[in-house]
J.: 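Dropping the structure in here first, questions after.
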Amino acid sequence: MARLAMVIDTKKCVGCMDCVVACKTENNVPEHLDRDWLVYETRGKFPTLHMEIRSERCNHCDNPPCVYCCPTGASHVHDFGGVVLVDYDKCIGCKACLASCPYDARFINPNGYAEKCTFCIHRTEKGDDPACVAVCPTHCMYFGDIDDPNSEVSRLLASRNHHALLPAAGTKPQIYYLT
Amino acid sequence: MIEIVSTRHNEMIDPLLHVWGWEIPVYLFLGGWVAGMMIIAGYFLFKGRAKAEWCSCLVLPTISLIFLSLGMLALFLDLEHKLYVWRLYTTFEIASPMSWGAWILLLVYPGLLANMIIRIPPFLAKPFPRLKSFSAMVNEHPVAIKTIGVINMLLGGMLGIYTGILLSSLGARPFWNSSILGFLFLVSGLSTAAAFVHMVAKDRYERELLAKADNAFLTIELFVLGLFLIGLLTATEVHQRAAHLVLGGEYTAFFWVIVVFMGIVIPLIYQSLAVNHKVPHLMLMPILVIWGGLMLRFVIVVAGQHSHWAQF
Amino acid sequence: MDVTLSRRRFLKISSAALGWSVAGGTLGKISPRASAANATNGGIETIPTYCDMCFWKCGAIAYKRNGKLWKIEGNPEDPLSRGRLCPRGTGGIGAHYDPDRLRAPLMRKGERGNEQWVQVTWDEALNFIADKMQQIKAEYGPEAVALFSHGIGGTFFKHTIKAYGSPNIAAPSFAQCRGPRDTGFNLTFGEGVSTPERTDIRHARCLTLIGSHLGENMHNTQVQEFSEAIQNGASIIVVDPRYSIAASKAKYYLPIKPGTDMALLLAWMNVIVNEELYDKAYVKKYGFGFEAFRAEIAPYTPEWAYPETTIEPDLIRATAREMAKHKPASLIHPGRHVTWYGDDAQRSRAIALLNALLGSWGRKGGFYSPVSMDVPSYPYPPYPPSEKGKVDNPHEKYPYAHGHGALTTGIRDATITGEPYPVKGWFVYATNLINALPNEKETIEAIQHLDLLVVIDVIPSEIAGWADVILPESVYLERYDELNVEWFRDPFIALRQPVVESPHNQKPNWWIAKKLAEKLGLSEYYPWNHIEEYLDYRLKHAGYSLAEIKKKGIITGAKQPIYFDEGVPDEFYTPSGKIEFYSLQLKEKGFDPVPKYTPPDPPPPGFYRLLYGRAPVHSFGRTQTNPLLADMMDENSVWIHVDIARRYGLKTGDTIRLKNQDGVLSNKVKVLATERIRTDCVYLVHGFGHKNKMLKRAYMKGASDAELITRYKIDPLMGGTGMNVNFVTFEMEA
Ligand SMILES: Nc1nc2c(c(=O)[nH]1)N[C@H]1C(S)=C(S)[C@@H](COP(=O)(O)OP(=O)(O)OC[C@H]3O[C@@H](n4cnc5c(=O)[nH]c(N)nc54)[C@H](O)[C@@H]3O)O[C@H]1N2
Ligand SMILES: Nc1nc2c(c(=O)[nH]1)N[C@H]1C(S)=C(S)[C@@H](COP(=O)(O)OP(=O)(O)OC[C@H]3O[C@@H](n4cnc5c(=O)[nH]c(N)nc54)[C@H](O)[C@@H]3O)O[C@H]1N2
Ligand code: SF4
Ligand code: SF4
Ligand code: SF4
Ligand code: SF4
Ligand code: SF4
Ligand SMILES: [Mo]
């Protein structure tokens, strides 16, 4: 079974937000709402600073509380690659999943249902990269199957230091940040 | 020094999560209240007071039915995709407290109706005369009444606990992340219901009993609240930070003054004196308890949404 | 520059011509991805074109879904974008959907600048303009009409204005942008850096960025190559008073005191020469006047530079050694917007000299030698000669002011003074002069002297607010434009073609320029009826056709040598034919033959130097109404160091106004209290604080750096306007 994941090289990311714009156009994300976003984390005292720039989105957790809490089964784990999705026709907009996500990765679409990053399932099922990955001018995002030890993502994780977000929250996030 | 800049600006999410407004606290409060009333009514049924001239077990189911429906209306109003609400009943999601809640509510209604059968309220008896004979049939079997009482107590317990579990299962919000929350909301529901019955009961015995019970519930509630905070404070740093929302943080004054002091401590002290006949009963006290119960839901729902796991 | 370059150009063009037969073969092999181009499937239609969200001109593929513009992606065949656009390019479709667009020609009613308009037909507007132009020509001569034009869309306006008889054509990209850089490099190597910059960032082992804030400056290829350099483990050295995105990628970050880069550059050269770290063979072979240069820079030790720059001597030495260690693949980036302090051409020359010491010019990982394809120009009749010559630089006041066309600010001065002769008409194509030129008061004063101000724009920019006639142009997704035949690493031709129709009564530039020429009686300059004929003519004479390029949007030529060791002739088009470490021509004209340092003026007490730059999601002041890009960032904040902010009781999110040394007060602007900047300066992203009410989405959002730039220092070599010489203080806002 494939386990799709994203690996993002924070050393290369320049925080340009191209990934956000690309997601907006690819997926028709409504104005003023973001499926992905940038976080700039600066530590230290000028001029001895360190900055980590992260392109963030739903982590497609292996242990997804948003799926567990959903009363209708609208939030579910897709057969393909463990991607966490929302079936808009089942969603009642109760927002439990919004509250249950430690990454605040979801929002309510103006049409009433919960929405978030889909790992561009319509593209990735066909073997294409997600829109954000495909657009990134620094080539800092990688997408693939981490169950396959020979995939680019697996090799990067094996060879580079990395971290995921809020591991203590127990969600087993599947977006990895190379440092 | 850590400087965080995020470009996300999602409505209801940023800068602080605020997905639930007044509807959910009101729903949780009414749910808890109904739970308390069901337990009290069930208890009286079990104790055989259904035969008494006036028993709160005879009016509570009707009131519960109304309150529960109002609560569900609030919940419904909170839904963003209202036309799809029926989807709740096309599945049972075992891991989802909300799904449990939906189905529990579906059981609570028949439970309440069963209780109402015992003495049909006039507004039902008139349009449905056949209910009367049905009621008479049930009344011939004391065991049936006792059973209805037990069922009501059980359902009330489930309902009360569920209102807390709904929040505590959302582990992303450390402030809610305590299994005590279910018990806290149950006790709070009981104290609210007891205060209410104490206020409306026509029967002196029930009034006195429920004043005492209320004092007991309030004492337990105080204790459970303490446990709740200690639980957070002795957990991870994230939970400690969450606890600080009411221990020095933004919601401290509201929590301690409105919820703890006015909603629990003052009524508790006064009613303790009242049941010992040191002072006359005061209508204000049960009102404070009820108000405190509502405010407890508000502060927990709001503060909980503002608690998070992030390291900054 | 054009004159000295002709030999090289000739060489390149002929070698390019040889390359095509080879290229013809590869053209047959269409990659599966590109074959989707121009195809329709499942309601999806793809049309290749090239981007115009900035001047980089990346190849792109636009997608339509059920006839509606859906998205735009990079064209994988295009060497500039390599299949990936920058955020502005990706958000380009917002330019088509922008609700604030100009919709029909407008003519002023009432006072200039009052922004009251009557909608007119194209015929009415163009007749009015043509009549006015004829009057001006009769009274003052054709030179009295000047054209300000930025970007490739101005091609046909330039043509019309030249045919009309005026040589006064200017763009802010010289005197407000990269003019000093190209002057400094020209004086040193005999060639400029040009655009797209000939920097071989991809192969650099050490990359030094002096204020070039790649990652915020989103010139696509540069950013992509910057990332490649990081990936390859190149050492990055960043010099910036602000901890830029690039600084966060650096091995060495040098938080320099603004305006003192020259001191740092001199100290670096001092170390590299003193420690004998320079590329001796290269300097010996190509250098002119090295010994005199060595003597000139002898006093500039790191210890000398320390109090000026605030950079520790050890750090200066360490970074000098680091860049020398990787020579010649050690690139000191020449920057692009370098009009900072008025000594910019000399600072750029110092950068050129440092590169020369490292032997990076003409070498892999340094500066490559760009190549291009030969596409003959259209055979127009010759333009009428101008009797009076250009108006912008009387008596060659700035001897090196001959970049591309005239000096914007020179034309502005002449318009105000009427010297050397009056200027009475301005055509403004795709440049918002109010925002782009320093000291907007002078621009507005100049406008008062005009008989005609025509603005061709896509949105109601500030300069459009002052116009007599506003002509609404179709955005790039709705029109053809001139072919992009770029001088770059790889030779290629790119086509811009319409993807969708203009939503209202907008027209493409070629149509407007041609119609105007016809109304001016200059029809013989437009022998073609439709731009398609023009494009096809040029392509046919290069061996291709419009039909062919329409499919893929790009035609690429064969690889050609781009480094000295690949066979590029190692020639320098300087007077000495060598790299001029010591410049006799500068000496003759009374300038320093080797750059010298002058300290910048200090801020008045309680004031902070105003710095400005780019945000990755916006292009200057032209994208703030683009719904997609505004959604990414809808206002700017003023960056203030946390300690300074605290002193004023300010924290992030507070609103203040900035007041400059001349009392000019900005819009309200939010504070970003941050560690990421020095305590003696503040920073604004350029392009916000719009004042034209018709820009509904952008009106009064954030503060305008341009408005606060009331002072500027003119570069004595080439007339560039140094704009980092303004200071601001904070006005608390309740
Ligand atoms: N204060 C300050 N001044 C600066 C700079 C700065 O950073 N700060 N930067 C300098 C630099 S580096 C440069 S290159 C210049 C840039 O200066 P400009 O090129 O003048 O840039 P903008 O101010 O964005 O103005 C561009 C205008 O073109 C219009 N436009 C966009 N697309 C089209 C189109 O397709 N057709 C037509 N007809 N019009 C179009 C836009 O609406 C806008 O009004 O500014 C320089 N001046
Ligand atoms: N997203 C985006 N990208 C763009 C553009 C755009 O509009 N938007 N415009 C394009 C154009 S035309 C140009 S010219 C370029 C301009 O971009 P660049 O040439 O890269 O940068 P500048 O605008 O010159 O300078 C801005 C940087 O210089 C720093 N700086 C200011 N003063 C000093 C100083 O005294 N010394 C040093 N060492 N650093 C200093 C500032 O802190 C800031 O980081 O960007 C291009 N790329
Ligand atoms: S597009 Fe790439 S470089 Fe730009 S912010 Fe996103 S991940 Fe970072
Ligand atoms: S990131 Fe949030 S929404 Fe995404 S799978 Fe994890 S918990 Fe669910
Ligand atoms: S909002 Fe929709 S997806 Fe989320 S938990 Fe409720 S029903 Fe499920
Ligand atoms: S994977 Fe697709 S949906 Fe998710 S953030 Fe990227 S572009 Fe958006
Ligand atoms: S750099 Fe960006 S905005 Fe400029 S042409 Fe390329 S994609 Fe378009
Ligand atoms: Mo520029």
Side-chain angles (χ1 to χ4, degrees), chain A residues 8-38 40-55 120 122-123 126-129 131-142 156 160 178-179, chain C residues 58 63 65 69-74 81-94 213-216 218 220-224 226-228 230-231 241-243 245-249 253-255 310 615-617 627-634 641-643 674-679:
Chain A
I8 304 178
D9 189 346
T10 62
K11 283 226 159 35
K12 290 201 287 177
C13 173
V14 294
C16 68
M17 296 179 81
D18 209 356
C19 43
V20 185
V21 187
C23 180
K24 288 235 152 190
T25 58
E26 176 73 27
N27 299 304
N28 257 318
V29 181
E31 217 174 291
H32 305 313
L33 293 165
D34 299 320
R35 282 193 188 182
D36 54 346
W37 60 90
L38 267 294
Y40 310 79
E41 192 175 307
T42 316
R43 289 163 193 268
K45 194 94 188 99
F46 187 84
T48 318
L49 297 172
H50 177 267
M51 177 159 65
E52 181 172 293
I53 308 172
R54 292 189 302 264
S55 171
C120 280
H122 62 291
R123 294 169 61 107
K126 288 191 290 183
D128 288 340
D129 273 337
C132 52
V133 175
V135 82
C136 173
T138 67
H139 288 72
C140 76
M141 308 170 93
Y142 305 86
L156 280 167
R160 295 270 305 267
L178 302 176
T179 55
Chain C
C58 296
Y63 285 67
R65 194 161 46 190
L69 184 58
W70 168 28
K71 63 172 175 179
I72 186 159
E73 294 180 351
S81 75
R82 294 192 269 168
R84 294 170 185 234
L85 300 180
C86 90
R88 300 163 296 153
T90 308
I93 59 166
H213 55 335
L214 294 181
E216 290 158 286
M218 276 313 286
N220 195 351
T221 322
Q222 301 244 338
V223 175
Q224 293 197 22
F226 181 42
S227 163
E228 275 174 271
I230 295 169
Q231 167 106 17
R242 182 181 65 100
Y243 186 76
I245 293 290
S248 77
K249 311 293 179 196
Y253 167 50
L254 280 59
T310 74
V617 292
L628 277 161
L629 297 176
D631 204 9
M632 299 298 110
M633 176 184 186
D634 62 357
H641 188 273
V642 271
D643 293 347
T674 177
E675 284 287 349
R676 291 179 54 196
I677 190 164
R678 284 175 63 97
T679 51

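The basis for the numbers below is simple: all heavy atoms, side chains too, and nothing from hydrogens, waters or symmetry mates. Letters go in sequence order (proteins before strands), and every chain restarts at 1.
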J.: Side chain, backbone, both or neither: which part of L38(A) has an atom under 4.5 Å from a heavy atom of chain C?
T.: neither
J.: Can you tell me which of C140(A), G44(A), A22(A), P47(A) forms the most heavy-atom pairs within a distance under 4.5 Å of chain C?
T.: P47(A)
J.: So, for F46(A) and Y243(C), is the gap between ring centers shorter than 6.0 Å?
T.: no
J.: In terms of heavy-atom pairs under 4.5 Å, which option from V642(C), T674(C), I677(C), D643(C) contacts chain A the most?
T.: I677(C)
J.: Among residues at least two apart in sequence or on other chains, which ones pass side-chain hydrogen bond (donor to acceptor under 3.5 Å, both in side chains) with T310(C)?
T.: R678(C)
J.: Which region of L85(C), side chain (C-beta onward) or backbone (N, CA, C, O), has a non-hydrogen atom less than 4.5 Å from a non-hydrogen atom of chain A, or is it both or neither?
T.: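 The backbone, not the side chain.
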J.: Check the pair R160(A), T179(A) against side chain to side chain contact (heavy atoms under 4.5 Å, CB included), reporting the backbone distance first and the verdict last.
T.: CA-CA 7 Å; R160(A) 295 270 305 267; T179(A) 55; over 6 Å; no
J.: Please flag which part of C136(A) lies under 4.5 Å from any non-hydrogen atom of chain C: side chain, backbone, both or neither.
T.: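 Looking at C136(A), backbone and side chain both touch chain C.
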J.: With a 4.5 angstrom heavy-atom cut-off, which part of R88(C) approaches chain A: side chain, backbone, both or neither?
T.: neither
J.: How about K126(A): does its NZ atom have over 12 heavy atoms from other parts shown lying under 6.0 Å from it?
T.: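 Not buried by this count: 12 neighbours or fewer within 6.0 Å.
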J.: Mind ranking E228(C), M632(C), M218(C) by heavy-atom pairs under 4.5 Å with chain A and telling me who comes out on top?
T.: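 Among the listed options, the one with the most contacts to chain A is M632(C).
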J.: Which residues pass the side-chain hydrogen bond (donor to acceptor under 3.5 Å, both in side chains) test with Y63(C), sequence neighbours left out?
T.: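 Once residues adjacent in sequence are excluded, the partners of Y63(C) under the side-chain hydrogen bond (donor to acceptor under 3.5 Å, both in side chains) criterion are E73(C).
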J.: Which bit of T10(A) is near chain C, if near means a heavy-atom gap under 4.5 Å: side chain, backbone, both or neither?
T.: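 Interface part for T10(A): backbone (N, CA, C, O).
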J.: Between S81(C) and N220(C), does any side-chain donor sit less than 3.5 Å from a side-chain acceptor?
T.: no
